[in-house]
Novice: 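The structure follows.
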Amino acid sequence: MQVNEEKFEPTIVAFCCNWCSYAGADLSGTNRLQYPANVKIIRVPCSCRVNPMFILRAFQRGADGVILCGCHPGDCHYTTGNYFTRRRMTLLFSMLEFLGIEKERTRLEWVSAAEGAKFAATMNDFVATVTKLGKNRRLEDLRCKK
Amino acid sequence: MQKMMQDRARELLSSGKVDRVLGWIEGDFVYDVTPHVFRENDIDQLIYHSFASQNLSKYLVGETKKDGVIAVFLRPCDSYSFVQLLKEHRFDREKVYAIAIPCLGKVDAEDLRAMGIRGITGVTDGKERIILHTLYGDVEKEKSEVIAERCRKCRGVHAPYFDERLGEELTKEPLTDRFEMVEKLEKMTAEERFAFWQDELSRCIRCNACRNVCPACTCEKCVFDNAASGIENKAPASSFEEQNFHIIRAFHVAGRCTDCGQCSRVCPQGIPLHLLNRKFIKDINSCYGEYRAGADLEEKAPLNRFDVDDCEPGDVVGKGE
Ligand code: SF4
Ligand code: SF4
Ligand code: FES
């Protein structure tokens, strides 16, 4: 494949909780809303399932941005999971920023099963932001690159 | 103080109240101190001075698995680790007799060496001043000049969960604001911060000393020993791995770290690990209210509770700039 040097296509990893955000992604698909193909969705049972290691690992394997989507606060299928997610991710993202990883490369969003449009808009916006930042050279493992 | 501790320990041992005593012992040099479990026969080797730097509480996890009661000496900072371990049910309280002792602040031999003080053969402690006896004569210093980084923020107050107090309570004014350096880093640009950490963390040799010494780090099965984790115990193979290790290490003790400073003390590469812990402490304090790990036995840790109107990551991240 011919690589176009001019146009940088970021790799985005999106962790989506099964009950809300994944369904939201599905809805935006059935509604034929467009969002970039760079977004690789990983379905998790609850946003709370996302261990900080998952985020770091995604960056290691070459992600340029990582976004985590869950049910709106109060709507978590397991009642309180996303409140814990919120605290954890607040601290983790803040730490990544402290180590010099631009804050725009990490994001936490609440997307319900009915918000297909919000899902698409969020992804479009996130991809645009990360594209502007360029490649993430900081948190990736060179050994995994061919 | 040392004499008082020896006498009290001897008393406790001979009365049968305790079977063993956890304290500090000198090695070949006065600054070469290690934790030691004493019995009646060697109790006069127990020492306590400016080089007795180890936090003893973590050793209770192993020691309480044995029969009998063990007495332990707790400096103010150690008392928080002690409570934190107790809170996490890491040892049996019945098997421990905790003795609170005052602390004048510790001194690290590396720091002294950097100041050109070598050949130390003895030390005389004081509240304001310290006299170091060396092969080249005595050196007298202001305490504030030589005191270790981790002791500069200390108020000298114990967490109130000990069995008896030996000596007087020595409260003091902290010499520095512990968040000063964290704030300085927060004000830098992302590039500068990255360069700073790359510089520091690339020296790491993955000896795991920082993990091993940490009193908050007591899981029997550690993620860093899991061969499938990708960050197991070995020399760092890439820059990413170094950062990953340090982020995970600090994250795993977030909300439980008592800021005892042992991790930075033991690092053979002189990496300022306490800055990572303090960043978490600072964020926790500003987002979820002042919290001090190990100060209270009942209060839930900040990552084990939540409020429905907690801030979002976006509200917090990047506020420093
Ligand atoms: S992380 Fe460092 S400062 Fe915090 S409890 Fe562990 S050894 Fe002490
Ligand atoms: S003690 Fe220092 S060199 Fe050893 S693993 Fe920790 S940071 Fe790395
Ligand atoms: S089930 Fe969606 S966030 Fe918990």
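Just so it is clear: chains get the letters A, B, ... in the order the sequence lines come, proteins before strands, and each one is counted from 1.
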Novice: Strictly under 6.0 Å, is that where the ring centroids of B/Phe91 and B/Phe82 end up?
Specialist: yes
Novice: With chain B, which of A/Phe93, A/Phe84, A/Phe98 has the greatest number of heavy-atom pairs at distances under 4.5 Å?
Specialist: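 Of the options given, most contacts go to A/Phe98.
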Novice: Counting heavy-atom pairs under 4.5 Å to chain A, which of B/Asp309, B/Leu185, B/Val308 comes out on top?
Specialist: B/Val308
Novice: Using a 4.5 Å heavy-atom cutoff, which residues in residues 291-300 of chain B come close to chain A?
Specialist: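 When heavy atoms of chain A are the reference, residues 291-300 of chain B contributes no residue within the under-4.5 Å range.
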Novice: Mark yes or no for whether B/Gln269, through its side chain, and B/Arg203, through its backbone, hold a donor-acceptor pair below 3.5 Å.
Specialist: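 Flag set: sc B/Gln269 to bb B/Arg203 pair under 3.5 Å.
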Novice: Under 4.5 Å from any heavy atom of chain A, what part of B/Asp307 do you find: side chain, backbone, both or neither?
Specialist: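 For B/Asp307, backbone and side chain are both near chain A.
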Novice: Can you pull out every side chain to side chain donor-acceptor pair (under 3.5 Å) where at least one residue sits in residues 30-42 of chain A? Sequence neighbours excluded, please.
Specialist: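 Sorted result for residues 30-42 of chain A: A/Glu9-A/Asn38.
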Novice: Closer than 3.5 angstrom, by distance alone: can the side chain of B/Arg75 be matched with the main-chain N or O of B/Gln54 as a donor-acceptor pair?
Specialist: yes
Novice: Could you state the interatomic distance from CD (B/Gln262) to CG (B/Leu273), rounded to the nearest 0.5 Å?
Specialist: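 The distance works out to 12.0 Å.
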Novice: Check for me whether B/Arg206 meets the cation-pi criterion with B/Phe224, that is, NZ or CZ under 6.0 Å from the six-membered ring centre and within 45 degrees of the ring axis.
Specialist: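 Yes, B/Arg206 lies over the aromatic ring of B/Phe224.
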Novice: Relative to chain A, which of B/Ala254, B/Ala195, B/Pro302 shows the most heavy atom pairs under 4.5 Å?
Specialist: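 Looking at each option in turn, the highest pair count goes to B/Pro302.
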Novice: I'd like to know if the side chain of A/Thr85 and the backbone of A/Cys48 have a donor-acceptor N/O pair within less than 3.5 Å.
Specialist: yes
Novice: Please look at B/Glu191 and chain A and tell me whether the side chain, the backbone, both or neither of the residue comes under 4.5 angstrom of a heavy atom of that chain.
Specialist: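 It is both, since atoms from each part get that close.
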Novice: Has B/Arg155 got more than 12 heavy atoms of other residues, nucleotides or ligands less than 6.0 Å from its CZ?
Specialist: no
